[in-house]
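Convention: sequence-line order gives letters A, B, ...; per-chain numbering from 1. Computed from a predicted model, the values in this text were never measured in an experiment. Below, all heavy atoms of this structure are taken into account, side chains as well, without hydrogens, waters or symmetry copies.
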There are 2 protein chains.
Amino acid sequence: MRNGDTDIIERATIQTVADRAGVSVGTVSRVINRRPGVKATTRERVLQTMEALGYRPDQAARELSFARNRTIGLHVAYGLRRLQPFFALFLSHLASHLRESGLRFEELGTRSDGMPAWLPDGLVLFGAHDDDRRIPYLRENGVPFVLLGHREDAASVAADDRDGGRQAADHLLRLGHGRIAHISGGLHTQAAYDRYLGFTTRLEEAGIAFADEGYLLEGGFTDLDSYRVFRKALESGMDVTSVFAGSDEMAMGALAAAEDCGLRVPFDLSVVGFDDIPEIAGERLTTVRQDIAELAATAVTLLQKLLKGEAAQSLLLPVHLIPRLTTGRASR
Amino acid sequence: MRNGDTDIIERATIQTVADRAGVSVGTVSRVINRRPGVKATTRERVLQTMEALGYRPDQAARELSFARNRTIGLHVAYGLRRLQPFFALFLSHLASHLRESGLRFEELGTRSDGMPAWLPDGLVLFGAHDDDRRIPYLRENGVPFVLLGHREDAASVAADDRDGGRQAADHLLRLGHGRIAHISGGLHTQAAYDRYLGFTTRLEEAGIAFADEGYLLEGGFTDLDSYRVFRKALESGMDVTSVFAGSDEMAMGALAAAEDCGLRVPFDLSVVGFDDIPEIAGERLTTVRQDIAELAATAVTLLQKLLKGEAAQSLLLPVHLIPRLTTGRASR
DNA sequence: CTGAAAGCGCTTACAG
DNA sequence: CTGAAAGCGCTTACAG
């Protein structure tokens with residue numbers, strides 16, 4: 001389990017690797033960055049040397065030389081719950097992706113007027129809403145930005161929330177469910193609304209007039225909010241065989257409420273979530289998976305295009321329902 | 001609101017500042033790093049130039065030259081809920097503090113055997129437990145580390161959880177409360193246990209035999225867990241006028257449960273939390289404040305001492321109860 | 001109190 | 001396909 005017998009004192013640099021592999025640092029650099037134009041055998045030798053030395057390129061040096069003064073900022077809409085799991089995961093993926101691309105990254109503070117505290121070379125905007133004042137502000141200042149969320153009039157990337165809602169509905173319909181509730185954190189956000197829309201549209205295609213049935217439950221975005229609203233509904237006699245929650249957290253709340261109301265999942269009740277956050281969904285929750293790492297990577301790619309002067313794009317990333325243990329055939 | 005009329009195209013460097021201020025880059029550097037030995041008027045002039053230029057030192061360059069190859073890693077015990085608010089805040093404070101100190105920072109992955117994926121020059125350990133295998137491992141490999149949490153046999157820093165528990169008890173006693181519950185996420189963690197201990201010790205000093213009363217409620221660490229265990233207790237007839245929760249999240253759960261059980265806070269029930277996380281406690285929750293930024297800063301300071309070869313220290317940071325709107329005089 | 005210069009560990013044209 | 005050299009933006013002895 002020891003680290004080999006390399007000096008622990010002196011960390012290997014690109015020079016160490018170059019010397020040991022009998023090449024120049026330029027060549028090592030090309031290997032590190034997967035650049036073309038290195039003979040296969042050379043590449044292999046360098047790779048092995050790096051491995052043997054436990055070499056890790058110095059990120060600061062990469063940033064300094066690679067990304068000529070380019071720093072990307074992440075700015076979160078004022079007042080947004082930065083503590084939500086989705087944000088934490090997105091942040092960490094964004095940071096590590098940027099790091100790999102050799103770009104500088106900084107999370108931006110907020111001025112008293114809600115604008116980013118300062119302007120980096122490019123921005124990722126988290127939690128943008130319809131008439132977000134940051135958008136005209138950034139345009140005015142000529143700073144390229146990418147929105148996280150679906151939006152046609154700006155560079156943006158989002159999961160295909162609408163299709164995700166549709167898949168959730170489809171899954172439950174196939175299992176024979178007819179009385180289906182939906183728990184949403186609030187339909188005023190684009191993601192929540194699109195999930196709702198895709199979901200109800202699919203139900204209506206199947207002849208289920210969801211909207212009329214009072215099966216829509218709105219609360220906050222947390223598991224506790226979801227628990228309370230769902231438990232209250234169940235206690236008031238809402239009769240459903242399944243529920244689609246707008247996030248994994250909310251699904252966990254619904255699961256807890258079901259348990260406390262004596263419902264057995266999936267026998268008496270099926271539950272579907274959204275996101276597939278491993279720490280939450282685990283191996284149990286049937287949920288619609290969105291790839292957060294991919295969202296972060298795509299945001300970076302879009303931003304890089306913008307920085308090169310290319311046109312803005314709006315991308316929608318596919319999502320997939322992952323059937324697990326909280327959904328089953330409707331028993332009633 | 002515009003950014004002044006400086007070129008937005010070319011970002012100012014230390015050289016730009018030096019030229020404009022009519023000094024050398026060395027002098028600017030001294031000002032940036034608050035080093036002594038700069039004439040006050042020179043310092044002032046440089047500061048103003050930096051301000052006027054909107055100059056921000058390049059972090060990558062600082063790391064590269066300042067922190068000779070020193071990188072600090074954060075490693076989280078396997079299986080720990082990284083999604084908890086406390087962790088998110090600690091992480092962000094640690095990262096920004098390290099950044100200001102010009103040190104490299106990286107969050108470390110975990111090998112299949114639970115050890116950090118690789119060994120940086122120094123480590124902060126999050127979520128260490130009593131017989132944490134990372135500790136002998138790091139000692140064996142000669143890597144200095146600081147634990148977040150109270151522990152005598154290693155460099156560590158923690159909030160004074162025990163005193164915090166005592167303060168919570170004291171506050172409630174002064175308000176005339178005699179029947180007081182405690183909600184804990186689980187007494188097996190040091191922080192939770194110390195809070196519990198300080199709390200009950202103070203109660204016992206006041207002649208309240210807490211332990212015998214069944215006023216200890218254990219659940220998970222989340223607001224939902226807390227809600228469920230507290231609501232269940234209330235519905236089972238637990239008769240208390242106040243409750244001390246082991247975290248702000250748990251306190252919010254207790255608040256929600258009280259509301260759903262028809263109790264008015266603080267008239268029928270007083271609630272005290274722990275942490276004082278602004279996004280959670282807001283302006284409403286009476287809670288015991290621990291300074292997370294200070295915890296992060298202290299961890300870094302300790303680590304730097306270790307790196308210089310100084311002896312390990314165990315530090316306890318003071319906490320303070322902040323009375324707000326969820327506590328009041330006992331009415332019964 | 002201040003400046004000139006070396007050096008941190010990389011990447012990237014430019015030659016060959 | 002590969003190497004030598006310049007340069008990224010800082011900090012830090014070393015002189016003065």
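The Ala61(B) side chain lies nearest to dG9(D) when the options are dT11(C), dG3(C), dG9(D). In the set dT11(D), dC10(C), dT2(C), dT11(D) carries the atom at the smallest distance from any side-chain atom of Arg62(B). When the nucleotides dA4(D), dG9(C), dT11(D) are ranked by their closest atom to the side chain of Leu64(A), dG9(C) comes out on top. Set against dC14(C), dC8(D), dA13(D), the side chain of Arg30(A) has dC14(C) as its closest nucleotide.
A heavy atom closer than 4.0 Å to some atom of DNA chain C occurs in Val38(B), Lys39(B), Thr42(B), these being the qualifying members of residues 38-47 of chain B.
For Asp160(A) and Gln290(A), the side-chain atoms include no donor-acceptor pair closer than 3.5 Å.
Here CD of Gln190(A) is found 9.5 Å from CG of Leu147(A). Values are rounded to the nearest 0.5 Å. Of the inter-residue distances, the one linking Leu98(B) atom CG with Gln59(B) atom CD reads 9.5 Å to the nearest 0.5 angstrom.
Spacing between atom CD of Gln59(A) and atom P of dC10(C) amounts to 10 Å, rounded to whole angstrom units. Atom C1' of nucleotide dG7(C) and atom CD of Glu63(B) are separated by 17 Å, given to the nearest angstrom. Summarising the geometry, the separation between CD on Gln15(A) and C1' on dC8(C) is reported as 13 Å, rounded to the nearest angstrom. For Arg34(B) and dT12(D), the CZ to P distance is 14 Å, given to the nearest whole Å. Rounding to whole angstrom units, CE of residue Met50(A) and C1' of dC10(C) are separated by 14 Å. Regarding Asp58(B), its CG atom lies at a distance of 18 Å from the P atom of dG7(D), rounded to whole Å. One can place CZ of Arg35(A) at 15 Å from P of dC10(C), the figure rounded to the nearest angstrom. One interatomic measurement links the two molecules: CD1 of Ile14(A) to C1' of dA5(D), which rounds to 14 Å at whole-angstrom precision.
With hydrogens and angles ignored, no donor-acceptor pair closer than 3.5 Å exists between the side chain of Arg56(A) and the base of dG9(C).
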Solution key, residues 49-57 of chain B side-chain donor-acceptor pairs under 3.5 Å, sequence neighbours excluded:
from     : atom 1 : to        : atom 2 : distance (Å)
Thr49(B) : OG1    : Arg45(B)  : O      : 2.8
Arg56(B) : NH2    : Glu106(A) : OE2    : 2.6

Without placing hydrogens or testing angles, list every side-chain donor-acceptor pair under 3.5 Å for residues 292-318 of chain B, not counting sequence neighbours.
from      : atom 1 : to        : atom 2 : distance (Å)
Thr298(B) : OG1    : Glu294(B) : O      : 2.6
Thr301(B) : OG1    : Ala297(B) : O      : 2.9
Ser314(B) : OG     : Arg151(B) : O      : 2.6
Ser314(B) : OG     : Ala154(B) : O      : 3.0
Ser314(B) : OG     : Ser156(B) : OG     : 3.3

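The stretch residues 92-111 of chain B participates, sequence neighbours left out, in no ring-ring contact (aromatic ring centres under 6.0 Å, His included) pair at all.
Classification of the Phe87(B)-Phe126(B) ring pair by plane angle, with boundaries at 30° and 60°, yields perpendicular.
Under the side-chain hydrogen bond (donor to acceptor under 3.5 Å, both in side chains) criterion, Asp276(A) pairs with Arg289(A), Arg324(A), not counting sequence neighbours.
Stem regions for DNA chain D, each three or more consecutive Watson-Crick or G-U pairs with both distances under 3.5 Å and listed by first number, read C:1-3 with D:14-16, C:5-12 with D:5-12, C:14-16 with D:1-3.
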